[in-house]
Amino acid sequence: MTRKRRRGGHNYKFTEKTHSGRGIFAMILAILSIAGFGVMAWLSFLERGNAGIYIGSAGVFGFLMAVAALAAAIGSVREPETFRVIPYTSLGLSIVSVGIWVAVYVGGIL
């Protein structure tokens, strides 16, 4: 049995990269927007579709929150010297969130 010898010891990588604050903010906004959609859909279900103006206005606020999350996520993807996982995850969640709200509004119009 031969044993391979590791050369160089540990593989440390020193970098100046940081976590994107804008990406974390966008992720939180997108998660809140999706959670808000879930709560509003549940409340509307409980009221059998007659939830009222307050749920509708909260839906508009949820849509605006999703658009703000999308804008922040796009800005976080463009930041240099940041780790890429959080910005791309927040971008994906933001796109899903905006897609959900657009589908709700298009479904309401049709």
Side-chain angles (χ1 to χ4, degrees):
M1 287 212 230
T2 61
R3 196 169 165 191
K4 290 186 178 181
R5 196 170 154 185
R6 279 180 47 182
R7 294 184 188 232
H10 300 286
N11 293 327
Y12 293 113
K13 185 176 181 182
F14 296 102
T15 182
E16 297 294 323
K17 289 185 177 183
T18 59
H19 290 288
S20 173
R22 226 186 298 183
I24 293 170
F25 176 70
M27 187 180 300
I28 291 170
L29 278 181
I31 289 171
L32 286 175
S33 177
I34 292 170
F37 167 75
V39 168
M40 286 177 257
W42 179 253
L43 290 174
S44 180
F45 175 76
L46 289 178
E47 295 292 325
R48 296 188 175 136
N50 298 321
I53 191 85
Y54 295 112
I55 297 298
S57 61
V60 171
F61 180 70
F63 176 71
L64 294 176
M65 193 180 336
V67 170
L70 183 63
I74 290 171
S76 71
V77 167
R78 293 181 179 175
E79 288 179 350
E81 295 298 320
T82 58
F83 292 111
R84 295 277 140 219
V85 174
I86 292 175
Y88 284 114
T89 304
S90 65
L91 182 63
L93 283 174
S94 300
I95 290 171
V96 167
S97 178
V98 169
I100 287 171
W101 287 111
V102 167
V104 166
Y105 290 127
V106 168
I109 292 171
L110 298 177

Colleague: Give me each pair satisfying salt bridge (charged side-chain N to carboxylate O under 4.0 Å, His left out) with a member in residues 23-41, each pair once, sequence neighbours excluded.
Modeller: none
Colleague: Hey, could you give me each pair passing ring pair (Phe, Tyr, Trp, His ring centres under 6.0 Å) that has a residue in residues 83-110? Not counting sequence neighbours.
Modeller: H19-F83, F37-W101, F63-Y105
Colleague: Tell me the closest heavy-atom pair linking V77 and R84, and the distance in Å.
Modeller: O-NH1, 2.8 Å
Colleague: Listing request: all side chain to side chain donor-acceptor pair (under 3.5 Å) pairs with a residue in residues 62-81, at least two apart in sequence or in separate chains.
Modeller: S20-E79, R22-E79
Colleague: Looking only at heavy atoms, what is the nearest atom pair of A69 and A30, with distance?
Modeller: CB-N, 3.7 Å
Colleague: Once salt bridge (charged side-chain N to carboxylate O under 4.0 Å, His left out) is applied, do any residues pair with E47, and if so which ones, sequence neighbours excluded?
Modeller: none
Colleague: To the closest 0.5 Å, what do you measure between CD1 (I28) and OG (S33)?
Modeller: 13.5 Å
Colleague: Output a table of donor-acceptor pairs, distance under 3.5 Å, between side-chain atoms of residues 39-46 and any protein atom two or more places apart or on a different chain; print 'none' if there are none.
Modeller:
none

Colleague: What pair of heavy atoms forms the shortest contact from S94 to A26, and how long is it?
Modeller: OG-O, 4.2 Å
Colleague: Tell me whether V85 is reachable from M27 by hopping between hydrophobic residues (I, L, V, M, F, W, Y) whose side-chain heavy atoms are closer than 4.5 Å.
Modeller: no
Colleague: For I109, which fellow cluster members are found when Ile, Leu, Val, Met, Phe, Trp and Tyr are connected by side-chain heavy-atom distances below 4.5 angstrom, either directly or through intermediates?
Modeller: none
Colleague: Show every side chain to side chain donor-acceptor pair (under 3.5 Å) that has at least one partner inside residues 59-69, sequence neighbours left out.
Modeller: none
Colleague: Counting only pairs under 3.5 Å, give me each side-chain donor-acceptor contact of residues 49-61, with atom names and distances, residues two or more places apart or in other chains.
Modeller:
residue : atom : partner : partner atom : Å
S57     : OG   : I53     : O            : 3.2
S57     : OG   : Y54     : O            : 3.0

Colleague: Measure the spacing between CE of M65 and CD1 of I34 and express it to the nearest 0.5 Å.
Modeller: 11.0 Å
Colleague: Quick one: closest heavy-atom pair of K17 and T82, and the distance?
Modeller: CD-O, 4.0 Å
Colleague: In Å, rounded to the nearest 0.5 Å, how long is the span from OG1 of T18 to CD1 of I86?
Modeller: 10.0 Å
